[in-house]
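Worksheet for the structure shown next.
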Amino acid sequence: MNKGVAITGMGIVSAIGSNTAMNYEALVSGKSGIDYPKNLLTKHKDLPVGEIALTNKDMAEKLRLPKDHLYTRAALLGVTAIKEAVEQSRLKIDSHTGLVSGTSVGGIDATEKFFTEFAAGNSENKEFIRAQHPGFTTQKIADYFGITGFVSTISTACSSSANAIMLGARLIKAGKLKRVIVGGTDCLTRFTLNGFNSLKILSKEPCQAFDENRYGLNLGEGAAYLILEAEDEIKDREVLGRLKAYGNSNDAFHQTASSADGEGAYLAMQKALITANIPLNAIDYINAHGTGTKNNDAAESVALQRIFNNEVPKFSSTKAFTGHALAAAGALEAVYSLLNIKKSQIFPNLNFSHPMQSSDLIPVTKLEQQKVNTVLSNSFGFGGNCTSLIFARDEK
Amino acid sequence: MKNKIYITGIGGISAQKNDFAENPLVYEQLIFKAHTPNFKEFIKPMALRRMSQAVKMGVTTALLALKDAKVELPEAIITGTGEGCKKDTERFLEKLLDQREDLLNPTPFIQSTHNTIGGQIALHLGCKNYNVTYSQNSASLESAFIDAQLLLSENPKSNNILVGGVDEVSEVISGFRNLDQQLKTKKIKNLDLFKDDSPGTIASEGSHFFLLTSEIKESTYAELIDLGIINSVSTQGLTSEVESFLTNNQLKPEDIDVVILGNNGDNRFDHFYENLQQGIFKNTQQLVYKHLIGEYETATGFAFLLAANILKSGEIPGILKANNIPEVKTKNILIYNQYLARDHSLSLLRAV
Amino acid sequence: MLKMTDLHTELKESIVEQLNLEEMEPADISDEEPLFGDGLGLDSIDALELIVLLEKDYGIKLTEPEQGREIFVSINKMAQFIEENRTK
């Protein structure tokens, strides 16, 4: 019997709050975190984002880091989220405790700050030269918690943290680790804001996932992590839920766009469902990738209809709350999936009014009370990278 | 019964040609590029036109590894890259800063994502299977190998996993290594790397892809026994980490016939290697290679290639030897690497 | 029927350069040839690049990327659109 891997802790920081309780509060009250950028130094002040109010200074002080610390914003967000998860699970950290973090741009906020300086041969801030590379941010997080053994970073764009969660579960199942911190972190940067802007897929309005009149996505930032543990490590501690199954597939269609039939998404969900070995109707709710771009939502809708034979379970995208937090998105939504199960609630897809003509799918638009035993969570990224995770209630 | 893992196909691009044992290429710059084939023989011009060196090298070596193993479509593509598509990152960032966030071309942004290499291999092959990219500094390739090891152990039917490591040199960002002592301060010939007792190293680029199978085929080179990564450890602690890694694989240090070490001439960190060279592997044949191909985050790809070739051919090129031990038949090879005292990795290969 | 103008040549040159069509000479692109699909074989990323090109070189700002589909049909069509809408 596939029980799934036990989740004993979770932590989150996003545009709607700097811990799980605050995120939950916003989700049930329908309070979005999307607004115009305040802290991000960009000229695109007309592009709404899901920005976290905490400044780097706020976080560094709260974490009692020395003044000359080398923590990038993504590392600060990561540590903040992991701290919550570690405290909740009372995690034991030793050489059998690993860290797998997903990030797309890591510490590129530091690189964009110092690039001109470095290029001119100024070495004053040379400790940040390696910040550009994803492993740098993960390294800092590992250092904070004293994790010295298995530390790795996955960088598959917007599915990074979903893939990190998947790898963590596989490491536990294979007996390679006893405990592992999994998730991801990404902060708002000029690099990504301008990048997505150059692709013409940023919306000047709050995003409208799955709506006929959607224009694009809102970029977000955040970090979320889960603690996964082997069965004999759990003892009398609470199990928040289980990662029951997962699947990754590649659309192999286009460097950034999804194929019209959503083949990659279809295959990822199919793999997860087969591994879970449950009937289609056992899925109570889907946390869709639902970014609000024309292309993603159309492809994901087709994939959903194909896999569920046109009987698509209740679904919503929570991107209108948080913005699209890129590599962290899958982990943010993993925390929300566990909240769905724990609180027996489905969080709404904000800003939806008109179903897409091509699919006619209607997401959940109001908070719903309902027993949720099993959640499917989708995360798709550039390079055709598609990942689906299935979370389930812990059956005693 | 767990699957065994065999290296059955290899594709490699580095700063050296295949005949490096007799005719090593000599470089006098601190940063030097790979010796590359004509990419047009592998990739169509319309696809090639947007690809940076990392993507070109990655796709080409992936194709070479598949061809070597006579496999058309892998069951998974797992890529490691420490620094990803630096050139496109740099292009986009420079434009962003110069043009003050205005009128930016999307292509470099699209190509800057770390999983561009793995994504482009999938696109080239039309491969919809599992595809993940690791970017953990000098443990990126090893992370990818560990994922492959898991895949092959999870399903008795799994086979044909493509694993590789790629990193490229870029004009500006690679040059930043001059500022934080990653590079030597004075020019040095690559082949003289170990003659100079000073901080820093020499940097280059390359790509190595490996096709892993669960059964022995005609082209099989070696068996991949186990891998481990250790994020941080002291010099003294390293010896016991190595010993326990070997114990987990029912081996003692003296069972290792050849140890391939990642010495890069940086006198601040080479003590990790020297401690093993003068300690548990004192009487073991020690090989080094970064004086040939330079340092980069996935340079161990070349070490895997060397190990595979030595185990298959039984021949050890003299240019690699750091000591002289009477030759025995090589059965077990251990690869150890670290960069800047972090992201240590151990990889164990065996003759078939 | 539009005749070959300096604008046509200029467009072909910028397309070859901007889209890295390394194997091509500007003269290899005919005025009528479809730029996307079976013709020159450009894709959606190129379409985005052409939008940047319109704005940078001719001061034409497209609000919806979809508009490109009707404009980037051929060199003739592009030249015509530019003549009618250019601000520089």
Side-chain angles (χ1 to χ4, degrees), chain A residues 42-44 104 108 111-112 115-116 118-119 121-123 126-127 129-130 132-136 138-139 142-143 147-157 163 167 170-171 173-174 176 190-191 194-199 248-256 263-264 267 381-385, chain B residues 77 81-84 86 89 92-94 96-97 100-102 104-106 109-116 118-120 122-123 125-137 139-140 143 146-147 150 153-154 172-173 176-182 228-233 297 342-343:
Chain A
T42 175
K43 71 172 227 181
H44 300 296
S104 67
I108 212 164
T111 312
E112 59 190 30
F115 189 87
T116 317
F118 296 151
N122 180 342
S123 61
K126 63 179 186 215
E127 284 80 12
I129 283 175
R130 286 167 58 76
Q132 185 191 333
H133 312 301
F136 180 92
T138 309
Q139 201 96 287
D143 288 347
I147 299 165
T148 57
F150 188 96
V151 174
S152 195
T153 306
I154 290 183
S155 195
T156 53
N163 284 329
L167 180 77
R170 294 168 56 217
L171 287 163
K173 278 190 175 176
K176 283 227 173 204
R190 279 183 287 167
F191 189 88
N194 281 282
F196 282 92
N197 197 33
S198 76
L199 293 174
N248 169 280
S249 191
N250 197 283
D251 206 28
F253 167 73
H254 187 275
Q255 178 57 25
T256 55
E263 182 69 7
L267 291 171
F382 275 12
N385 207 286
Chain B
I77 300 169
T81 176
E83 305 194 337
K86 276 200 301 241
T89 304
F92 192 73
L93 203 49
E94 281 185 324
L96 183 155
L97 297 168
R100 297 178 189 277
E101 305 184 60
D102 200 21
L104 298 173
N105 298 94
F109 176 70
I110 292 168
Q111 303 288 105
S112 72
T113 318
H114 282 74
N115 63 329
T116 305
Q120 288 288 335
L123 208 51
L125 299 172
C127 178
K128 296 180 192 292
N129 300 330
Y130 182 87
N131 192 315
V132 167
T133 298
Y134 291 88
S135 187
Q136 182 57 42
N137 304 330
S140 301
S143 295
I146 289 171
D147 189 341
L150 292 177
S153 70
E154 283 159 2
V172 183
I173 296 173
F176 293 170
R177 288 183 177 222
N178 278 309
L179 301 175
D180 64 350
Q181 285 82 48
Q182 289 186 71
I229 58 182
I230 311 145
N231 188 259
S232 62
V233 65
E297 311 275 6
R342 297 297 291 261
D343 298 294

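Letters A, B, ... mirror the listed sequences (proteins, then strands); counts begin at 1. Because the structure is predicted, anything quoted here is derived from the model rather than measured.
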>> Quick check: do Lys126(A) and Gln181(B) have side-chain heavy atoms less than 4.5 Å from each other?
In response: yes
> Do you know which two heavy atoms are closest between Ser135(B) and Ser155(A), and how far apart they sit?
Replying inline: CB-CB, 4.1 Å
> Mind checking whether Gln132(A) and Glu83(B) have side chains closer than 4.5 Å, heavy atoms only?
Replying inline: no
> Asp251(A), Thr111(A), Leu167(A), Thr256(A): which one forms the most heavy-atom pairs within less than 4.5 Å of chain B?
Replying inline: Leu167(A)
> Is the side chain of Arg170(A) donor-acceptor paired with the backbone N or O of Asp147(B) at a distance under 3.5 Å, no angle test?
Replying inline: yes
> Between Phe191(A) and Leu93(B), what is the shortest heavy-atom contact and its length?
Replying inline: CD1-CD1, 3.8 Å
>> Is any side-chain heavy atom of Leu171(A) closer than 4.5 Å to one of Leu150(B)?
In response: yes
> Can you tell which of Thr156(A), Ile147(A), Leu267(A) has the highest number of heavy-atom pairs within less than 4.5 Å of chain B?
Replying inline: Thr156(A)
>> Regarding Lys128(B) and Glu263(A), does a basic nitrogen lie under 4.0 Å from an acidic carboxylate oxygen?
In response: no
> How long is the gap from OG1 on Thr153(A) to NE2 on His114(B), to the nearest 0.5 Å?
Replying inline: 9.5 Å
> For chain A, which of Arg177(B), Gln111(B), Glu297(B) has the most heavy-atom pairs under 4.5 Å?
Replying inline: Glu297(B)
> Among Ser152(A), Gly384(A), Gly383(A), Gly381(A), which residue forms the greatest number of heavy-atom pairs with chain B at distances under 4.5 Å?
Replying inline: Ser152(A)
> Measuring heavy-atom distances to chain A, does Ser140(B) have an atom under 4.5 Å in its side chain, in its backbone, in both, or in neither?
Replying inline: neither
> Roughly how far, to the nearest 0.5 Å, is the CG atom of Asn248(A) from the CG atom of Asn131(B)?
Replying inline: 6.5 Å
> Does any N or O in the side chain of Asp180(B) come within less than 3.5 Å of the main-chain N or O of Ser123(A), such that one atom is a donor and the other an acceptor?
Replying inline: no
> Between CG of Leu97(B) and CD of Glu112(A), what distance do you get to the nearest 0.5 Å?
Replying inline: 7.5 Å
>> A side-chain contact here means heavy atoms from C-beta on lying under 4.5 Å apart; do Asn250(A) and Ile77(B) qualify?
In response: no
> Would a 4.5 Å heavy-atom cut-off, applied to side chains only, mark Phe115(A) and Val172(B) as touching?
Replying inline: yes
> For Lys176(A), is it the side chain, the backbone, both, or neither that has a heavy atom closer than 4.5 Å to a heavy atom of chain B?
Replying inline: side chain
> Which one, Thr138(A), Thr42(A), Asn122(A), Asn163(A), leads in non-hydrogen pairs under 4.5 Å with chain B?
Replying inline: Thr42(A)
> Is there a side-chain contact between Val151(A) and Gln136(B) (heavy atoms, below 4.5 Å)?
Replying inline: yes
>> With rounding to the nearest 0.5 angstrom, report the CG to CG distance, Asn231(B) to Asp143(A).
In response: 7.0 Å
>> Counting C-beta onward and ignoring hydrogens, is there a side-chain heavy-atom pair between Asn197(A) and Glu101(B) closer than 4.5 Å?
In response: no
>> Heavy-atom pairs under 4.5 Å with chain A: which of Asn178(B), Leu125(B), Val233(B), Thr89(B) has the most?
In response: Thr89(B)
>> Shorter than 4.5 Å, heavy atoms on both sides: which option in Tyr134(B), Tyr130(B), Phe109(B) has the most such pairs with chain A?
In response: Phe109(B)
>> Quick check for you: to the nearest 0.5 Å, what is the distance between Asn115(B) atom CG and Phe382(A) atom CZ?
In response: 9.0 Å
> Given that the side chain runs from C-beta out, which part of Leu96(B) has a heavy atom under 4.5 Å from chain A: side chain, backbone, both or neither?
Replying inline: side chain
> Where on Thr113(B) is there a heavy atom nearer than 4.5 Å to chain A: the side chain, the backbone, both, or neither?
Replying inline: side chain
>> Has Asn385(A) got a side-chain atom pairing as donor or acceptor with Gly119(B)'s backbone, closer than 3.5 angstrom?
In response: no
> Do you know the tightest heavy-atom contact between Phe92(B) and Ser198(A)?
Replying inline: CE1-OG, 4.3 Å
> For Phe196(A), is it the side chain, the backbone, both or neither that has a heavy atom under 4.5 Å from a heavy atom of chain B?
Replying inline: both
> If you count heavy-atom pairs under 4.5 Å between each of Gln120(B), Arg342(B), Gln182(B) and chain A, which one has the most?
Replying inline: Arg342(B)
> Once you round to the nearest 0.5 Å, how far does CG of Asp102(B) lie from CG of Asn194(A)?
Replying inline: 9.0 Å
>> If I measure from the heavy atoms of chain A, does Ile173(B) come under 4.5 Å with its side chain, its backbone, both, or neither?
In response: side chain
